[in-house]
Amino acid sequence: MRGAVITGVAVAGVLAVVVGTGVATVVGQSEQPANQVRLASCNASLGPTTTGPAGSGAEAAANLTGEQRGTVAAIIQIGQQRELPPLAWQVAIQAGMTESGLRSLSYGDRDSLGIFQMRPSMGWGTPAQVTDPTYAINKFYDVLLDVPGWEGQRPGDSAQDVERSAFPDRYHRWESMAAHLIGDVGQVANFTGCGQGVGNLLPAPTAAAGNAIQWALGQQGKPYEWGALVNQQNSYDCSSLMLQAYRAAGVQLPRTSREQYRAGALLPLEQAQPGDMLFWATDTSDPSTIHHVAMYLGDGKIVEAQQTGVPVHTRPLKFTEGGLMAQAVRPGV
């Protein structure tokens, strides 16, 4: 370590998209459901969280120990005291989970110590300071706030800007878990004795979601063609269907499914809303192996251009389906 986002902003509500008989419409404001994680007091650890699909953010959060939940609680409490946005909390959670498993370690590589494996020899503080969780969390936030443009980056990238690891992509591994924890805390009306909660912290679906769904559903029955031209509308592959659907709704996406995975706000799979994109990979821990993308319609259904010989269609989906990535992507936010 040189020393160690929900990807959107806090919002009050989301646009609900209702999918009926081939038509999707945006019908108004509603609170996005989420499981709740409650803090019993300002000094309490995070309580148990509900489980989710294997490999999901909910499952990872459910497996945290009491010590780890206590670290998460401290990260959030200090972030609130400093009036930092939930994005900062998530960056710190992902960095701490990657560096130490959210534990204040008295050992590490060379002289790396504490939650964020800060090195006294590199000017992060004395050994006693960097192993003090309150000091370490505040120091992490101090350095994060000096990173230019950190609020516009993917959380793992901001964690890397603080940590300067030789393995920069590893911080992305815990994005779904951290987003789940932050999103759950945001659903609590208040923390007892701590003032008001922060509202729904997942980025809301844009009004474009309903238009994109309606456009994609209108392509049902058209043939699959691998590498289909992005301007033709008589055949599609999986990513060209997504690109054209969202382009018709005023949102520009890149061409391939792997690029589209990075083209919006990442959120836990179990909290996907209509219009979000879902992804399949050969290795779900490695986004570079993504090979398919589809659009979520809600109620356990998707629309997709699946494979040669199968026209554009809708089908039921189970979140436990093999190869399904644990994160959904919300274009346009």
Side-chain angles (χ1 to χ4, degrees), residues 6-9 11 13-20 22-28 32 152-154 175 179 202-269 271-281 287 290-307 310-315 317 324-325 327-333:
I6 210 155
T7 51
V9 295
V11 293
V14 301
L15 293 173
V17 183
V18 177
V19 179
V23 179
T25 54
V26 179
V27 297
Q32 182 169 330
Q153 297 186 137
R154 191 175 178 188
E175 184 164 10
L202 290 176
T206 65
N211 294 331
I213 291 174
Q214 187 171 11
W215 195 95
L217 290 173
Q219 311 311 305
Q220 291 182 87
K222 295 183 179 181
Y224 177 94
E225 179 186 351
W226 186 86
L229 297 176
V230 296
N231 291 321
Q232 71 182 32
Q233 296 184 2
N234 57 351
S235 62
Y236 304 92
D237 62 14
C238 65
S239 57
S240 71
L241 180 64
M242 300 299 104
L243 185 155
Q244 293 207 56
Y246 264 100
R247 184 169 63 189
V251 176
Q252 187 62 46
L253 295 178
R255 176 62 180 90
T256 69
S257 57
R258 293 176 188 176
E259 293 172 320
Q260 290 172 359
Y261 180 72
R262 301 182 182 274
L266 278 168
L267 62 150
L269 175 65
Q271 295 183 18
Q273 292 290 302
D276 291 344
M277 296 187 298
L278 309 184
F279 295 84
W280 285 255
I290 288 172
H291 56 79
H292 184 56
V293 59
M295 185 180 294
Y296 188 56
L297 300 176
D299 296 325
K301 296 180 181 179
I302 58 173
V303 58
E304 65 180 351
Q306 186 176 18
Q307 63 188 50
V310 180
V312 176
H313 63 279
T314 63
R315 70 172 175 88
L317 169 83
L324 185 59
M325 295 288 287
Q327 300 82 29
V329 170
R330 185 159 296 165
V333 296

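Note that this is a predicted model, so its numbers are computed, not measured.
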message = Checking side-chain polar atoms at under 3.5 Å, does Tyr236 have a donor or acceptor matched by the opposite partner on Gln219?
response = yes
message = Pair Val312, Tyr224 - check side chain to side chain contact (heavy atoms under 4.5 Å, CB included), show working.
response = CA-CA 7 Å; Val312 176; Tyr224 177 94; over 6 Å; no
key: Reported CZ-to-CG distance for the pair Arg255 and Leu229, which is rounded to 0.5 angstrom   = 8.5 Å
note = Nearest heavy-atom contact between Val251 and Ala208 is CG2-CB, 3.9 Å
message = So does Val293 get a backbone contact from the side chain of Glu304, meaning a donor-acceptor N/O pair under 3.5 Å?
response = no
task = Taking all heavy atoms of Ala249 and all of Asn211, pick out the closest pair and write down the distance.
result = CB-CB, 3.8 Å
Side-chain heavy atoms of Val303 within contact of Ile213, under 4.5 Å = no
Approximate separation, where rounding is to 0.5 Å, of Met295 CE and Cys238 SG = 12.0 Å
inquiry  = Testing the basics here: between Ala209 and Pro274, what is the closest heavy-atom pair and its distance to 0.1 Å?
reply    = CB-O, 3.8 Å
ask   = Do the side chain of Glu259 and the main chain of Thr256 share a donor and acceptor less than 3.5 angstrom apart?
value = yes
message = I'd like to know if the side chain of Gln273 and the backbone of Gly298 have a donor-acceptor N/O pair within less than 3.5 Å.
response = no
Nearest atoms (heavy-atom pairs only) where Asn234 meets Pro223 = O-CD, 3.2 Å
message = Would you compute the distance between atom CG of Leu297 and atom CG of Asp276 and round it to the nearest 0.5 angstrom?
response = 11.0 Å
ask   = In chain order, what residues pass the side chain to side chain donor-acceptor pair (under 3.5 Å) check against Ser235, with sequence neighbours excluded?
value = Glu225, Gln232
side-chain contact (heavy atoms from CB on, under 4.5 Å), paired with Leu266, selected from Arg330, Met325, Gln327 = Gln327
Nearest heavy atoms of Ala263 and Pro254, plus distance in Å = CB-CD, 3.5 Å
query = Hey, are the side chains of Ile302 and Arg315 touching, using non-hydrogen atoms and a 4.5 Å cut-off?
reply = yes
ask   = In Å and rounded to the nearest 0.5 Å, what is the CG to CE distance from Leu241 to Met277?
value = 11.0 Å
query = Which class fits the ring pair Tyr261 and Phe279: parallel under 30°, tilted 30 to 60°, perpendicular over 60°?
reply = perpendicular
message = Once rounded to the nearest 0.5 Å, what's the spacing between atom CE of Met242 and atom CH2 of Trp215?
response = 9.5 Å
request  = Might you work through the side chain to side chain contact (heavy atoms under 4.5 Å, CB included) test for Val329 and Gln260, ending with a clear yes or no?
outcome  = CA-CA 8 Å; Val329 170; Gln260 290 172 359; over 6 Å; no
request  = State which residues pass side chain to side chain contact (heavy atoms under 4.5 Å, CB included) with Arg262; sequence neighbours excluded, sorted by chain then number.
outcome  = Arg154, His172, Pro287
ask   = So do Trp280 and Ile290 actually touch side chain to side chain, heavy atoms under 4.5 Å?
value = no
key: Value rounded to 0.5 Å, distance of NZ in Lys301 from OH in Tyr296   = 10.5 Å
